[in-house]
Every structure is written in structure tokens, then in C-alpha cells.
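One structure is given below, encoded as C-alpha cells.
In what follows, residues are counted from 1 in the order of the sequence shown. Predicted, not measured: the structure shown is a model, and the values here were computed from it.
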Amino acid sequence: MASLKVACVVTLVCMALVGAPMVQGAITCGRVVGALSPCIPYLRMGGVPTAGCCNGVRSLNAAAATTADRRTACGCLKSAAQSIAGISPTYSQSLPGRCGVNLPYKFSISTDCST
């Protein structure tokens, strides 16, 4: 369960900062965790992210359309990353790129979500 939260947090933070077009509704932590739970194995052990993981990353990226959505997603990702044991910062930072999502920054649990 903790790994699922970390994966979701990482993906959501990445998507929140990109500012892609909004899909539907506001971002919630539940949505972030649900979308990124398939990414937990990758975030712990590396390898190749699954199709389900990358679909979740792209979906959250598209959903984080507003500044408020991106800040919310960032906070959810940070919270999840801190609560899931075994998440690799290296794999967390590489996940968006491995899924074809280009972010102009690297995600970290020290990221300031207010900026």
C-alpha cells in the first residue's frame, strides 16, 4: 500500500508541474494514487514501467491543467513518496521520461509545491 502511494505521488508531481490540458474534474489524492499504483514496482526496482503505469502517468499529466491542480498533485505525490517504503529517488525522477512525458524539472520530496 505504501509503495502504491509513493508511485502515485511521483507521477502526480511530474504531471502537476507540466500543466497539460485538463481531462475531467479536479485532481484529488485518490485519483493520483489510483493512477500511479501500477508504477510501484518500477519505482522500487526499476526496469521498464508497465503500460498501465505509463497510462496513469500520462493521464495525470493531462489532468493537471491548472496551477491549483498541479499544486494539489505535487502535494499528493510528496505525501505518498514519504509514506511508501523502498521508493527510489532515481526511479521516481526517471519515470515521466520513461513514459514519454517531458518535464522541465526533476521531482523530489523536497520540491516546493507552492512554486
Side-chain angles (χ1 to χ4, degrees):
M1 180 93 164
S3 298
L4 174 61
K5 292 179 184 178
V6 171
C8 292
V9 168
V10 172
T11 303
L12 183 55
V13 168
C14 295
M15 291 187 279
L17 298 175
V18 172
M22 188 169 157
V23 174
Q24 277 187 353
I27 294 287
T28 64
C29 287
R31 183 175 182 181
V32 171
V33 170
L36 301 180
S37 61
C39 300
I40 292 171
Y42 172 80
L43 293 170
R44 286 185 166 165
M45 298 175 288
V48 177
T50 65
C53 170
C54 287
N55 287 340
V57 169
R58 288 188 293 268
S59 172
L60 286 175
N61 184 49
T66 68
T67 299
D69 285 342
R70 292 187 294 274
R71 287 181 177 160
T72 297
C74 178
C76 294
L77 289 173
K78 284 180 67 171
S79 176
Q82 293 171 341
S83 67
I84 300 171
I87 297 298
S88 164
T90 300
Y91 298 143
S92 296
Q93 291 177 1
S94 68
L95 180 60
R98 296 291 306 258
C99 291
V101 173
N102 183 28
L103 299 178
Y105 55 84
K106 291 186 179 184
F107 171 74
S108 168
I109 58 170
S110 64
T111 298
D112 181 356
C113 295
S114 69
T115 59

Query - C53/C99 sulfur gamma separation below 2.5 Å - result: no
Query raised in the report: Taking atom OG of S59 and atom CZ of R31, what is their separation to the nearest 0.5 Å?
Result: 5.5 Å
Query raised in the report: Side chain of S94, backbone of Y91: donor and acceptor closer than 3.5 Å?
Result: yes
Query raised in the report: Quick one: does S79's side chain have a donor or acceptor within less than 3.5 Å of a partner on G75's backbone?
Result: no
Query - Straight-line distance of L36 CG to L43 CG, nearest 0.5 Å - result: 8.0 Å
Query raised in the report: Between A81 and I109, what is the shortest heavy-atom contact and its length?
Result: CB-CG2, 3.6 Å
Report summary line: In terms of heavy-atom contacts, Y42 and L95 come closest through CD2-CD1, 3.7 Å
**Report entry** Reported CG-to-NZ distance for the pair D112 and K78, which is rounded to 0.5 angstrom
**Finding:** 6.5 Å
**Report entry** Residue pair A63 / I27: nearest heavy atoms and the distance that separates them
**Finding:** CB-CD1, 3.6 Å
Query - Reported CG-to-OG1 distance for the pair D69 and T28, which is rounded to 0.5 angstrom - result: 10.0 Å
Report task. Report the distance from atom CE of M45 to atom CD1 of I87, rounding to the nearest 0.5 Å. Result -> 9.5 Å
Query raised in the report: Any donor and acceptor pair, going by atom type alone, linking the side chain of R98 with main-chain N or O of G47 inside 3.5 Å?
Result: yes
